[in-house]
Amino acid sequence: MRLAVVLSSSQRHHFKNMSEKGDVDLTGAKQNTGVWLVKVPKYLSQQWAKATGRGEVGKLRICKKGNQGKAEVSFTLNEELTVIEGIEDKTVSAPREHPFTMQSVGGQMLAVFTETSSDKIALEGVVVQRAECRPAVSESYMRLKRLQIEESSKPARLSQQLDKAVTSNYRPVANHAYNLEYERKKKEEGKRARADKQQVLDMLFSAFEKHQFYNIKDLVDITKQPVSYLKEILRDIGIYNVKGTHKNTWELKPEYRHYQGEEKTDE
């Protein structure tokens with residue numbers, strides 16, 4: 001694996017000290033090896049990974065026009081690596097010609113290191129030229145980009161209408177395993193899981209529309225909530241009767257009352 005990093009003077013001294021301890025091989029620095037740092041399109045690096053045999057991926061052409069002319073650099077991808085598969089189940093051809101856009105290093109000290117599987121790090125050389133490898137605009141490249149954009153914009157999940165019966169692997173089950181496990185744990189632990197407060201309020205209001213008075217046991221059975229949590233919510237909306245005919249029952253505060261058949265509270 002090769003990695004390009006920017007080194008300050010103190011960092012270069014740090015790497016030199018690491019080399020003395022046997023952690024970093026700085027042979028490349030002693031040989032003053034110059035390397036190019038080139039940015040390539042993602043699809044191009046993916047195609048390179050498919051190279052077989054000696055790993056030849058294409059040809060690099062460097063030419064200079066005239067004595068004072070700038071160097072023109074281009075990369076030609078091997079023809080057998082131009083086939084891109086897996087986009088909408090279609091076969092797409094990658095462009096072969098890739099001219100370079102040359103860039104200056106900009107006064108930065110860039111170095112390329114190689115890290116082996118044994119965690120040994122070696123300096124390959126210092127970056128003397130930066131460039132960007134871009135595909136030549138062509139019909140095949142524009143089609144490739146269009147298909148890549150369409151592929152990336154597809155939703156992760158799609159609904160599909162089935163025209164025949166599905167196999168048993170996809171049939172819905174009465175209860176999922178994780179639901180059964182949750183119910184088992186609830187019984188073993190003897191605890192009730194707290195629901196969202198608004199959900200509990202909806203259940204309580206629905207119950208009080210049918211009857212005016214409830215004892216706490218009946219409300220626990222209706223809401224399936226822990227007693228302490230249920231009482232905490234009831235204190236916000238209800239009144240606890242401590243005497244009279246409906247002693248030890250809960251009813252809604254006057255501002256929340258709305259009964260189907262309203263029962264009168266005994267004085």
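- The number of heavy atoms from other shown groups lying within 6.0 Å of NZ (K50) is above 12.
- Under the 4.5 Å side-chain heavy-atom criterion for ILVMFWY residues, a single connected hydrophobic cluster contains both L201 and L252.
- Interatomic distance, H246 NE2 to Y240 OH, rounded to the nearest 0.5 Å: 14.0 Å.
- Minimum interatomic distance between K42 and S45 (heavy atoms only, all atoms of both residues): O-OG, 2.8 Å.
- E255 has no carboxylate O lying under 4.0 Å from a charged side-chain N of K253, or vice versa, which leaves the two without a salt bridge.
- No side-chain heavy atom of D218 sits less than 4.5 Å from a side-chain heavy atom of H211.
- You'll find the side chain of F100 stays beyond 4.5 Å of the side chain of I62, heavy atoms only.
- The backbone N or O of E80 sits nowhere less than 3.5 Å from a side-chain atom of N78 that would complete a donor-acceptor pair.
- Counting heavy atoms from C-beta on, the side chains of Q47 and V57 never come closer than 4.5 Å.
- Shortest non-hydrogen contact noted between V127 and A111 is CG2-N, 4.4 Å.
- Taking all atoms of both residues into account, the shortest heavy-atom contact from P135 to H98 is CA-CD2, 3.4 Å.
- Taking the ring centroids of Y214 and F208, they lie under the 6.0 Å cut-off.
- Note that CG of L81 and CD of E56 are 9.5 Å apart. Values are rounded to the nearest 0.5 Å.
- Put simply, the side chain of R96 never gets that close to the backbone of T76: no donor and acceptor are under 3.5 Å apart.
- Ring-centre distance between W48 and F75: below the 6.0 Å cut-off.
- Using a 4.5 Å cut-off between side-chain heavy atoms of Ile, Leu, Val, Met, Phe, Trp and Tyr, with links allowed through other members, V227 and I222 fall into the same hydrophobic cluster.
- Two different hydrophobic clusters hold Y43 and V83 under the rule that ILVMFWY side chains link at heavy-atom gaps under 4.5 Å.
- Residues I233 and M203 fall within the same hydrophobic cluster, defined by Ile, Leu, Val, Met, Phe, Trp and Tyr side chains chained together at heavy-atom separations under 4.5 Å.
- Expressed to the nearest 0.5 Å, how far OH of Y141 lies from CD of E97 amounts to 15.0 Å.
- No donor-acceptor distance shorter than 3.5 angstrom exists from the side chain of Q225 to the backbone of L230, with no hydrogens or angles considered.
- To the nearest 0.5 Å, atom NZ of residue K197 and atom CG of residue D202 are 12.5 Å apart.
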- Task: Please test R194 against S228 for side chain to side chain contact (heavy atoms under 4.5 Å, CB included), starting from the C-alpha separation and ending with a verdict.
- Result: CA-CA 10 Å; R194 289 191 176 194; S228 58; 4.3 Å; yes
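- One N or O on the side chain of Q129 and one on the backbone of Q103 form a donor-acceptor pair closer than 3.5 Å.
- No side-chain heavy atom of I84 sits under 4.5 Å from any side-chain heavy atom of L147.
- With a 4.5 Å cut-off on side-chain heavy atoms, Y229 and V200 count as touching.
- Note: the hydrophobic cluster containing L60 also contains V128 (ILVMFWY, side chain heavy atoms under 4.5 Å, direct or indirect links).
- Separating the CG atom in L204 from the CD1 atom in I237 is a distance of 5.0 Å, to the nearest 0.5 Å.
- N215 places none of its side-chain heavy atoms less than 4.5 Å from the side chain of N248.
- Counting only heavy atoms from C-beta outward, the side chains of P95 and L144 approach each other to under 4.5 Å.
- Taking every heavy atom of both residues into account, R130 and S104 meet most closely at CD-O, 3.8 Å.
- Atom-to-atom distance recorded for E251:CD and N241:CG is 4.5 Å, nearest 0.5 angstrom.
- Residues R235 and W250 have side chains in contact (heavy-atom distance under 4.5 Å, counting atoms from C-beta outward).
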